[in-house]
> 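Below is one structure. I have some questions about it.
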Amino acid sequence: MKILGISCGRRMSNSEILVKEALMGAEEIGAEVELIRLNDLQIKPCTGCNACVVSLLEKCGSGDCVIKNDDYGFIEEKIMECDGLIVSSPFMRRVRVDC
């Protein structure tokens with residue numbers, strides 16, 4: 001069994017520590033584990049061109065994104081290969097101060 005951990009926070013932040021703890025627990029019961037830090041990758045935002053939707057629905061294509069020069073393909077492949085996925089992300093709370 002392969003378990004993939006994805007940390008969306010900073011290196012060695014609380015989010016990363018928590019996903020590492022979960023991965024260590026999975027490893028203890030015999031799972032193969034891997035950690036990926038999203039901050040170490042370069043993933044470009046969606047441009048909203050809808051080429052993936054048109055390819056998938058109208059042309060019976062693969063629905064692949066037209067943006068090719070980033071690390072999205074790498075992370076997509078890792079997600080598709082794993083049996084379990086653990087994602088950690090920091091929670092940011094904005095505090096409004098009325099003067």
Side-chain angles (χ1 to χ4, degrees):
M1 176 188 296
K2 292 182 182 180
I3 306 293
L4 177 64
I6 299 177
S7 175
C8 303
R10 295 172 306 193
R11 184 177 295 269
M12 291 309 297
S13 66
N14 290 337
S15 298
E16 184 171 319
I17 291 168
L18 290 172
V19 79
K20 282 182 176 180
E21 286 292 323
L23 289 174
M24 286 190 318
E27 195 171 36
E28 285 176 6
I29 60 171
E32 179 183 333
V33 300
E34 183 176 0
L35 174 68
I36 295 177
R37 294 179 185 92
L38 281 188
N39 284 344
D40 292 345
L41 302 176
Q42 186 166 52
I43 300 174
K44 296 184 178 176
C46 177
T47 61
C49 69
N50 288 328
C52 56
V53 177
V54 171
S55 166
L56 187 63
L57 298 178
E58 294 180 5
K59 299 178 182 175
C60 298
S62 63
D64 289 341
C65 183
V66 295
I67 300 172
K68 299 293 182 199
N69 54 350
D70 68 356
D71 294 321
Y72 178 75
F74 168 77
I75 193 79
E76 180 183 34
E77 182 179 320
K78 291 291 187 179
I79 290 172
M80 297 306 286
E81 288 175 355
C82 73
D83 299 307
L85 180 64
I86 302 170
V87 180
S88 70
S89 177
F91 173 75
M92 294 182 62
R93 173 183 257 166
R94 293 186 183 209
V95 178
R96 182 176 174 192
V97 178
D98 292 324
C99 296

> So, for Pro90 and Ser15, which heavy atoms are closest and what is the spacing to 0.1 Å?
N-OG, 3.2 Å
> Nearest 0.5 Å please: distance from the CG atom of Asp83 over to the CD1 atom of Ile3.
6.5 Å
> Got a donor-acceptor contact below 3.5 angstrom from the Asp71 side chain to the Ile43 backbone?
no
> Give a yes or no on whether Met1 and Ile86 share a hydrophobic cluster (residues Ile, Leu, Val, Met, Phe, Trp, Tyr; joining criterion: side-chain heavy atoms under 4.5 Å apart).
yes
> Which atom names give the shortest non-hydrogen contact between Val19 and Gly5, and what distance separates them?
CG2-CA, 4.0 Å
> In the hydrophobic clustering that connects Ile, Leu, Val, Met, Phe, Trp and Tyr at side-chain heavy-atom distances below 4.5 Å, which members other than Met80 occupy its cluster, ordered by chain and number?
none
> Restricting to non-hydrogen atoms, name the atom on Ser62 and the atom on Ser55 that form the minimum distance, rounded to 0.1 Å.
N-OG, 3.7 Å
> Of all heavy-atom pairs between Arg11 and Asp40, which one has the smallest distance, and what is that distance?
NH2-OD2, 3.0 Å
> Assess whether a salt bridge exists between Lys2 and Glu34, defined as any Lys/Arg side-chain N lying under 4.0 Å from an Asp/Glu carboxylate O.
no
> Counting only heavy atoms not in Lys59, do more than 12 sit closer than 6.0 Å to its NZ atom?
no
> Measuring from atom CG of Leu18 to atom OG of Ser7, what distance do you get when rounded to the nearest 0.5 angstrom?
9.5 Å
> In the structure I gave you, are the side-chain heavy atoms of Leu38 and Ile6 within less than 4.5 Å of one another anywhere?
yes
> If you count heavy atoms of other groups shown closer than 6.0 angstrom to CG of Asn14, is the number above 12?
no
> Could you tell me which non-hydrogen atom of Cys49 sits nearest to which non-hydrogen atom of Val66, and how far apart they are?
SG-CG2, 3.8 Å
> Could you state whether Leu35 and Met24 fall into the same hydrophobic cluster, counting links through intermediate Ile, Leu, Val, Met, Phe, Trp or Tyr residues with side-chain heavy atoms under 4.5 angstrom apart?
no
> In this structure, which one of Val33, Leu23, Ile36 forms a side-chain contact (heavy atoms from CB on, under 4.5 Å) with Leu4?
Ile36
> Once side chain to side chain contact (heavy atoms under 4.5 Å, CB included) is applied, do any residues pair with Asn50, and if so which ones, sequence neighbours excluded?
Val53
> Which atoms form the tightest heavy-atom contact between Gly84 and Cys82, and what is the distance?
O-SG, 3.3 Å
> Please tell me whether Tyr72 and Leu85 are part of a single hydrophobic cluster in this structure, the criterion being side-chain heavy atoms less than 4.5 Å apart.
yes
> Nearest 0.5 angstrom please: Glu21 CD to Glu16 CD, how far?
11.5 Å
> What residues, two or more places apart in sequence or in another chain, satisfy side chain to side chain contact (heavy atoms under 4.5 Å, CB included) together with Lys44?
Ile67, Asn69, Asp70
